[in-house]
There are 2 protein chains.
Amino acid sequence: MPLTLEDIAKISGVSRSTVSRVINGDVNVSDRTREKVQEIIRRYDFQPNLAARGLAAGVTNVIGLVIPRGVSAIFADPFFPLIIQGVTSACNAMDYSVMLWLAEPEYERRTIHKILYSGLIDGVIVTSMLLEDPIIESMAASKLPFITIGRHPTNDRISYVDVDNRQGARNAVNHLLRGHRRRIATITGPGNMIAGQERVEGYYECLRERNIPREPALVAEGDFTDAGGYYAMLQLLTAKPDAVFVASDSMAYGAMRAIQEAGLRIPHDIAVIGFDDIPQSAHVNPPLTTIRQPIHQIGATAAETLIDMIAHQNDQQRRVILPTELVIRASA
Amino acid sequence: MPLTLEDIAKISGVSRSTVSRVINGDVNVSDRTREKVQEIIRRYDFQPNLAARGLAAGVTNVIGLVIPRGVSAIFADPFFPLIIQGVTSACNAMDYSVMLWLAEPEYERRTIHKILYSGLIDGVIVTSMLLEDPIIESMAASKLPFITIGRHPTNDRISYVDVDNRQGARNAVNHLLRGHRRRIATITGPGNMIAGQERVEGYYECLRERNIPREPALVAEGDFTDAGGYYAMLQLLTAKPDAVFVASDSMAYGAMRAIQEAGLRIPHDIAVIGFDDIPQSAHVNPPLTTIRQPIHQIGATAAETLIDMIAHQNDQQRRVILPTELVIRASA
DNA sequence: AATGGAACTGGGAGCGCTCCCAGGCTGTTT
DNA sequence: AAACAGCCTGGGAGCGCTCCCAGTTCCATT
């Protein structure tokens, strides 16, 4: 049987309340008492029961991380793993724990409800990248603090952490333009994901500024997977591009395969630039030029911001935009 | 304010106890009462407070998933993501939630303690692949049900789910032998990981059966990363192998790069066979022949087995070995 | 009609914690 | 010397649930 507060109190010769004060850093404890109790806690490796604390105080030091439906396929991409890692390591450092939900469609409604009203968590991070996501609405309806990774397209009162997708895309296209490419194609993300949409917009903006006319045959939609990039590129090849901006590194790998199988050289015939800079990108052939987004840090920042929101119970909106960075390798 | 049991009781005109019985499927409730209460619960979307249940009953319907230190680098590999996915989807289906800990070295001791004695979880899955892992000892010392993914080398009383690594390796090497390869090299996992060790043993066994002498220059150690495979292969090339069995697909990608950069062809000059069959392996050039392990299913089986252990509180040991499968593509 | 047992229901106690209030102790002020 | 204002400390109440025990109701038997 694990020890309880009461046990520690008895052993240290003080009351339950005082032990609780020591644990929670209350100032109204004499130094002598505090040290004595802390010593006992340390000696017995005492760990307060978080369920009981949750019940009594309504605070559990646990946050939820929700990755919504439809990402199963994408899960092979290191994006979500890196997010998870960022979130958990920030939480570790702040003495929080993480509850993970991969919301599958069939369980979704029940899942959300459980998340919100189970009393187990103090706040939620939602990696919502979908344009129309019912989770967001339910979330906003509850009063639980929450933050999204990737900003919401219509409801701009929701706190978020995001990267500057548009500027990142612009940097990518500008890099291609500086390399004297003029027939620049793009492979976009699926139409229902915000990040993907912003990246296309950045692409269009850049072309407009240079007075390069849009050409529909130079735009193809992918699904953030390798295979999706491959087929999108096959399609684009018929339009004879001299460069392609791909909205994710995974898709870029597929695109590169398609290009090479067509007997064309990268970057000589077609320059390729990706988006993400996942670890693998330094090791493909040729090494991929790409827009780095600090994925790990996005996760960590989301966790830190959420915990701060929990601590200061004002529902003021937080917005954090992290910068991207052009990483030049050999493919463009 | 969320509703409580008492609220539901008042609304349905029964007692708190009866509502509790309905929720927990107790038989001693008349059908009429049950239906009435269930209707109210449904109408109000009532979700019992799990923290309170945890306190009162010592059961939370939450399990912990612990991925120990040292895997940060490996996290780019889809292995752990797929495990996580398997675990969470099995849990979703059984109405359990998952608490995720990536135990970082500096927090490890405190983390373990929190996991074990927080009262928040009913059991733990540990993806221990390290030979000497202090987590396992602490785990065994507590009476919390737990199961490891990958079997423990010395303590064979611990429940586990694993794949038949040795047989998988044998199938790989036999496939190379059938292709008339005779100078078969291998890139192993890091020496302190069980799975890696078993794969080398399978490799040695096969050679011994064919009376092919061991040649130390044909064995190089990798670290389950792409880069590690690359450097290991560079080393092996000096021994002029005609095939290589690589203990993970990620390392195989690196090895293939090293081979191709040396101007050799795959599989003509050197056949390459991997281990894992992660999604990417169908898309590398040439497509990778490999030993598939059902990673998603490993996670799901671990969760199901653990939940079964929790339900039937006997501490009988469970052992599950899942089969591997040879997937022949173009690289060998 | 009386009895027994099974089926169902209600309420008290208690899980381990936090929060609040009351009270004891100290030291300063009048 | 009395009064008061801090500090500190202890214990009661209660968070929302489960578990147990003590009813109450109902029906089949004798």
Side-chain angles (χ1 to χ4, degrees), chain A residues 1-38 40-41 44 46-62 113-114 116-122 310-311 313, chain B residues 1-38 40-41 44-62 113-114 116-122 310 313:
Chain A
M1 227 36 219
L3 293 176
T4 71
L5 259 197
E6 201 87 47
D7 297 329
I8 297 297
K10 207 167 299 165
I11 295 169
S12 3
V14 298
S15 75
R16 178 170 40 91
S17 305
T18 300
V19 178
S20 173
R21 285 189 195 97
V22 170
I23 289 175
N24 295 295
D26 191 304
V27 287
N28 282 330
V29 181
S30 70
D31 290 350
R32 227 164 56 79
T33 309
R34 180 190 316 282
E35 274 161 32
K36 184 174 58 184
V37 173
Q38 278 174 339
I40 302 286
I41 290 177
Y44 288 88
F46 172 66
Q47 166 66 42
N49 182 310
L50 294 184
R53 171 183 291 173
L55 228 207
V59 166
T60 55
N61 274 32
V62 176
H113 230 79
K114 187 189 290 184
L116 294 178
Y117 301 110
S118 66
L120 282 184
I121 55 179
D122 295 342
I310 293 167
Q313 278 288 4
Chain B
M1 226 37 219
L3 292 176
T4 70
L5 260 198
E6 202 88 45
D7 297 329
I8 297 298
K10 207 167 299 168
I11 295 169
S12 1
V14 298
S15 75
R16 179 169 37 89
S17 305
T18 300
V19 179
S20 172
R21 286 189 194 97
V22 170
I23 288 175
N24 296 296
D26 191 303
V27 286
N28 282 330
V29 181
S30 71
D31 290 349
R32 226 164 55 79
T33 309
R34 182 190 316 283
E35 273 160 33
K36 185 174 56 180
V37 174
Q38 278 173 339
I40 303 286
I41 289 177
Y44 288 87
D45 252 339
F46 171 67
Q47 165 67 41
N49 182 310
L50 293 184
R53 171 183 290 174
L55 228 205
V59 167
T60 56
N61 274 31
V62 176
H113 230 81
K114 187 190 292 184
L116 295 177
Y117 301 109
S118 66
L120 282 184
I121 56 179
D122 295 342
I310 293 167
Q313 277 288 0

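Below, chain A is the first sequence line, B the second, and so on; all start at residue 1. Because only heavy atoms are used, hydrogens play no part in the values below, and waters and symmetry mates are left out as well, while side chains stay in.
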Taking pairs as Watson-Crick (N1-N3 plus N6-O4 or O6-N4) or G-U wobble (N1-O2 and O6-N3), each distance under 3.5 Å, the stems of three or more consecutive pairs with DNA chain C are C:1-30 with D:1-30

To the nearest angstrom, the CG-C1' distance between Asp26(A) and dT9(D) comes to 11 Å

Quick tally for nucleotides 7-17 of chain C: nucleotides whose base has a protein heavy atom under 4.0 Å get B, sugar-phosphate-only ones S, the rest -, giving -SBBBBBBBBB

CD of Gln47(A) to CG of Leu3(A), rounded to nearest 0.5 Å, is 11.5 Å

Output for pair (Ser15(A) OG, Glu6(A) CD), nearest 0.5 Å, gives 8.5 Å

The reported gap from CG in Leu55(A) to CG in Leu55(B) (rounded to nearest 0.5 angstrom) is 5.0 Å

Rounded to the nearest 0.5 angstrom, the CD1-CD1 distance for Ile11(B) and Ile40(B) is 6.5 Å

Counting only pairs under 3.5 Å, give me each side-chain donor-acceptor contact of residues 19-32 of chain B, with atom names and distances, residues two or more places apart or in other chains.
residue  : atom : partner  : partner atom : Å
Ser20(B) : OG   : Asn24(B) : ND2          : 3.4
Asn24(B) : ND2  : Ser20(B) : O            : 2.8
Asp26(B) : OD1  : Asn28(B) : N            : 2.7
Ser30(B) : OG   : Thr33(B) : N            : 3.3
Ser30(B) : OG   : Thr33(B) : OG1          : 2.7

Here the pair of heavy atoms bringing Phe46(A) nearest to Leu5(A) is CZ-N, 3.7 Å

Checklist entry - Can you find a pair of side-chain heavy atoms, one from Leu120(B) and one from Val62(B), that are under 4.5 Å apart? => result no

Query raised in the report: Is there side-chain contact between Leu50(B) and Asn61(B), with heavy atoms separated by less than 4.5 Å?
Result: no

